[in-house]
Structures are given as structure tokens and as C-alpha cells.
Amino acid sequence: MISVKGIGSLSTKNNFVLLIRDTEIVGGALREALADASPEERPGLERAIALAESVAAATDTELRARWVLARLADAGFTGDVSSVAAVKALRQAERGLSLTAAVELQKAAVAHPE
């Protein structure tokens with residue numbers, strides 16, 4: 001089952017970032033592949049399972065922070081994530097994002113700078 005969560009009620013326009021977690025599906029597929037794997041394939045699949053489990057352990061706030069940091073990096077932003085310029089860059093990268101939503105997402109990125 002895919003778990004879906006959003007940052008609800010960040011604005012009156014229902015502007016939010018949707019988080020989709022499908023790590024259970026990916027983990028299950030990897031475990032199935034491991035069951036039928038050759039000895040040569042096993043180490044790589046075991047590593048992939050460990051990575052999937054690591055990602056699955058991330059909190060929603062951490063996922064939001066990763067998303068914000070990735071969007072800022074994609075936009076070429078290299079400044080201080082806690083700055084007004086970061087909010088502006090995020091809103092330019094995601095044109096439909098409200099100011100309130102951008103600030104809330106920025107807070108997640110500041111709390112989890114990776």
C-alpha cells in the first residue's frame with residue numbers, strides 16, 4: 001500500500017506538497033528478487049534492501065527537507081537555506097507554491113539540512 005501524506009492546510013488555497021511513500025513496495029520486490037538471486041547478485045540486492053529500509057525510516061519532515069534542498073539545488077540556489085532568498089528561489093522553482101507553504105517547507109529544510 002502506498003502511504004500518502006501532504007502538508008495540509010498551509011494556505012486557504014490547499015497548496016501543499018504531497019509525499020508518496022512506496023518503500024514497502026520496493027522493499028518487497030527487492031526481497032522477492034533476493035529469494036531467487038544467484039550468489040553473485042545477492043550482495044547487491046542485500047545492499048539495495050538496506051538502502052530502501054534506510055529511506056523508509058525517514059520522517060515526513062526529513063522527506064520534505066530533501067525535496068526542498070533538491071528543488072533549490074535544481075534551481076541553482078547556493079545561498080543560505082534559512083534566507084528570504086531561499087524562499088524566493090523555492091517559489092520561483094515551484095510557481096504554484098504559496099508563500100505560507102514555501103516558508104513551512106523552508107523550516108523543514110532548515111531543521112534537516114542533511
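These numbers were taken from a predicted model, which means no experiment stands behind them. All heavy atoms count here, side chains included; hydrogens, waters and symmetry mates do not. Numbers here simply count residues along the sequence, with the first being 1.
Listed by chain and number, the residues in a salt bridge (charged side-chain N to carboxylate O under 4.0 Å, His left out) with R31 are E53 (sequence neighbours excluded). When the side-chain contact (heavy atoms from CB on, under 4.5 Å) test is applied to A58, the partners found at least two apart in sequence or on another chain are E62, L63, R66. L69 meets the side-chain contact (heavy atoms from CB on, under 4.5 Å) test with V81, A109, E114; sequence neighbours excluded. Remark: S38 pairs with E40, E41 by the side-chain contact (heavy atoms from CB on, under 4.5 Å) rule, at least two apart or across chains. With sequence neighbours left out, L34 forms a side-chain contact (heavy atoms from CB on, under 4.5 Å) with R42, L45, E46, I49.
Contact between L72 and A89 at its shortest, heavy atoms only, is CD2-CB, 3.8 Å. Across every non-hydrogen atom of A108 and A65, the tightest pair is O-CB, 3.3 Å. Shown here for F77 and S83, the closest heavy-atom pair between the two residues is CZ-OG, 3.8 Å.
Partner L105 forms a side chain to side chain contact (heavy atoms under 4.5 Å, CB included) with one of L97, T100, V87 and no other, that one being L97.
Proximity of E32 to D36: side-chain heavy atoms (C-beta onward) are nowhere separated by under 4.5 Å.
Residue pairs satisfying the salt bridge (Lys or Arg N to Asp or Glu O under 4.0 Å) criterion with at least one member in residues 75-101, sequence neighbours excluded, are listed as follows: R71-E94.
Between T23 atom OG1 and L51 atom CG the span is 12.5 Å, to the nearest 0.5 Å.
No chain of hydrophobic side-chain contacts below 4.5 Å, direct or via other Ile, Leu, Val, Met, Phe, Trp or Tyr residues, connects W67 to V55.
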